[in-house]
Amino acid sequence: MKKILFAIIAIVTLCYCNSNQAEIERIHKEKIEVGKSLKITKLNNILKPLEENLSSQKQKLAKINEWQLGRTQTEKETQLAEQKQLISQIEFMKSRIENEIALSNMFQSFEFQNTPEGTIEQIFQAAKTEDYSKMRYLLDPYGEYDNDAFSICMIEMLPSESQKEMAEQFKNGRIMNNISTNDSTAIIEIAFGPSSNKLEQMHLVKRLNKWYISNF
């Protein structure tokens with residue numbers, strides 16, 4: 001009789017645990033969807049003034065192309081070339097943001113995110129190799145991050161000059177001994193900069209057993 005009772009208790013406990021885990025995963029997925037929406041809104045807020053600037057610069061190009069009293073053909077060609085280059089730069093940035101908006105609907109996590117240190121080390125590795133393709137997935141998927149964390153994790157959409165600066169600042173980075181962690185958050189002090197002489201705290205958050213950047 002006792003064996004049957006224990007078996008029933010075990011089955012009920014197992015069912016409860018499975019149900020509880022399923023609820024945790026459901027909430028996690030819902031919060032990720034909210035995070036996606038927040039990120040897309042933020043990216044659209046960056047995109048909108050860029051589109052307005054692009055329209056303005058195209059109007060300026062048309063005006064440059066018009067006849068102007070006292071202007072030589074050489075001066076006109078120089079102005080046109082400079083304006084076309086500016087428009088090309090804006091269009092390039094616009095396309096990168098639009099691509100990032102499209103990628104915002106994707107969600108991935110990696111084994112290195114099993115620990116907060118692993119997530120930080122990925123930043124250093126990305127800077128060393130200048131491969132920023134995984135950086136976007138280090139940002140808190142619930143959308144609870146500051147602007148500095150956003151800028152670091154969205155580095156792949158930024159101009160090459162910004163990516164080079166990222167490489168210079170973080171390729172020699174290292175984790176210092178001052179690490180504070182609990183079940184859901186972590187604060188890790190890092191040394192960064194060309195000579196690793198800058199100290200800053202990076203804040204991370206745990207989402208369903210994976211660690212993400214929230215503040216820097």
Side-chain angles (χ1 to χ4, degrees), residues 31-108 122-123 126-171 173 192-194 198 200 202-203 205 212-216:
K31 289 186 175 182
I32 286 176
E33 291 305 313
V34 171
K36 287 178 182 179
S37 179
L38 290 171
K39 185 159 85 167
I40 289 171
T41 298
K42 191 175 184 69
L43 289 167
N44 276 320
N45 288 338
I46 297 171
L47 182 62
K48 185 177 179 180
L50 200 65
E51 290 175 330
E52 292 172 351
N53 187 27
L54 179 60
S55 177
S56 175
Q57 296 304 330
K58 285 183 176 179
Q59 290 175 9
K60 187 175 180 180
L61 177 66
K63 194 172 183 66
I64 291 172
N65 208 27
E66 295 174 356
W67 180 82
Q68 293 181 20
L69 181 64
R71 183 180 62 177
T72 67
Q73 184 63 26
T74 301
E75 288 173 337
K76 178 180 178 179
E77 290 175 355
T78 300
Q79 291 173 351
L80 285 172
E82 290 174 349
Q83 190 64 15
K84 286 178 180 178
Q85 183 179 14
L86 176 58
I87 289 172
S88 178
Q89 291 172 348
I90 297 172
E91 287 178 332
F92 180 71
M93 187 63 194
K94 176 176 174 287
S95 68
R96 284 199 167 185
I97 296 173
E98 288 172 338
N99 181 61
E100 198 62 51
I101 289 172
L103 290 173
S104 293
N105 287 312
M106 297 176 60
F107 173 76
Q108 290 188 51
Q122 178 59 30
I123 298 174
K128 287 175 185 175
T129 61
E130 295 189 43
D131 177 5
Y132 301 116
S133 59
K134 294 179 181 177
M135 288 296 294
R136 63 177 58 85
Y137 303 114
L138 306 188
L139 191 63
D140 179 15
Y142 292 2
E144 299 173 10
Y145 44 76
D146 66 6
N147 288 331
D148 288 338
F150 179 83
S151 296
I152 289 173
C153 294
M154 293 293 105
I155 187 65
E156 193 173 43
M157 78 172 186
L158 298 181
S160 58
E161 294 82 2
S162 298
Q163 294 181 6
K164 292 290 184 184
E165 178 65 18
M166 172 82 175
E168 284 298 311
Q169 291 297 325
F170 289 96
K171 66 182 180 181
F192 67 106
K198 300 177 183 178
E200 190 65 74
M202 193 162 282
H203 296 243
V205 63
Y212 302 88
I213 299 166
S214 59
N215 299 84
F216 179 60

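Model, not experiment: these values are computed from the prediction. When a residue number appears, it is its place in the shown sequence, counting from 1.
- Rounding to the nearest 0.5 angstrom, the gap separating the CD1 atom in I123 from the CE atom in M166 is 6.0 Å.
- For Q89, the side-chain hydrogen bond (donor to acceptor under 3.5 Å, both in side chains) test picks out no residue, with sequence neighbours left out.
- When all heavy atoms of S162 and I155 are compared, the pair lying nearest together is O-CD1, 3.7 Å.
- The CE atom of M202 sits 4.5 Å away from atom CD1 of I152, with the distance rounded to the nearest 0.5 Å.
- Side-chain atoms of S95 come within 3.5 Å of backbone N or O of F92 as a donor-acceptor pair.
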* Going through the distances and angles, do L139 and F150 end up as a side-chain contact (heavy atoms from CB on, under 4.5 Å)? -> CA-CA 7 Å; L139 191 63; F150 179 83; 3.9 Å; yes
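- Side-chain contact, E165 with Q169: a donor N or O sits under 3.5 Å from an acceptor N or O.
- Residue E144 holds its CD atom at 8.5 Å from OG of S214, rounded to the nearest 0.5 Å.
- Here CD of E75 is found 12.0 Å from CD1 of I64. Values are rounded to the nearest 0.5 Å.
- Pairs passing the side-chain hydrogen bond (donor to acceptor under 3.5 Å, both in side chains) check and including a residue from residues 98-107, sequence neighbours excluded, read K94-E98, E100-R136.
- The aromatic rings of F170 and F216 sit tilted relative to each other, their planes meeting at an angle between 30° and 60°.
- Not a single side-chain hydrogen bond (donor to acceptor under 3.5 Å, both in side chains) links T74 to another residue, sequence neighbours left out.
- Annotation: side-chain hydrogen bond (donor to acceptor under 3.5 Å, both in side chains) contacts involving residues 39-50, sequence neighbours excluded, comprise K42-N147.
- Scanning both residues, K76 and N65, for their nearest heavy atoms gives NZ-O, 3.1 Å.
- The CD atom of E66 sits 9.0 Å away from atom CZ of R71, with the distance rounded to the nearest 0.5 Å.
- Applying the side-chain hydrogen bond (donor to acceptor under 3.5 Å, both in side chains) test to K36 and every residue at least two apart in sequence or in another chain returns E33.
- By the 4.5 Å heavy-atom criterion applied to side chains, M93 and P159 are counted as neighbours.
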* Do E130 and Q163 pass the side-chain contact (heavy atoms from CB on, under 4.5 Å) test, and can you show the C-alpha distance, the side-chain angles, and the key distance before you say yes or no? -> CA-CA 8 Å; E130 295 189 43; Q163 294 181 6; 5.6 Å; no
* To do: Kindly determine whether L61 and L80 satisfy side-chain contact (heavy atoms from CB on, under 4.5 Å), including the steps that lead there.
  => CA-CA 7 Å; L61 177 66; L80 285 172; 3.6 Å; yes
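- Taking the six-membered ring for Trp and thresholds of 30 and 60 degrees, Y212 and F107 have ring planes inclined between 30 and 60 degrees apart.
- Q108 is linked by a side-chain contact (heavy atoms from CB on, under 4.5 Å) to M106, F110, Y137, counting only residues two or more places apart in sequence or in another chain.
- Counting heavy atoms from C-beta outward, M157 and L43 have side chains that approach closer than 4.5 Å.
- Using a 4.5 Å heavy-atom cutoff, the side chains of Y145 and N215 are not in contact.
- For the atom pair L54 CG and S88 OG, the distance stands at 10.5 Å (nearest 0.5 Å).
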* Should K63 and Q59 be marked as a side-chain contact (heavy atoms from CB on, under 4.5 Å) after you check the CA-CA gap, both sets of side-chain angles, and the distance that decides it? -> CA-CA 6 Å; K63 194 172 183 66; Q59 290 175 9; over 6 Å; no
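- Considering every non-hydrogen atom in both A167 and A127, the closest pair reads CB-O, 3.5 Å.
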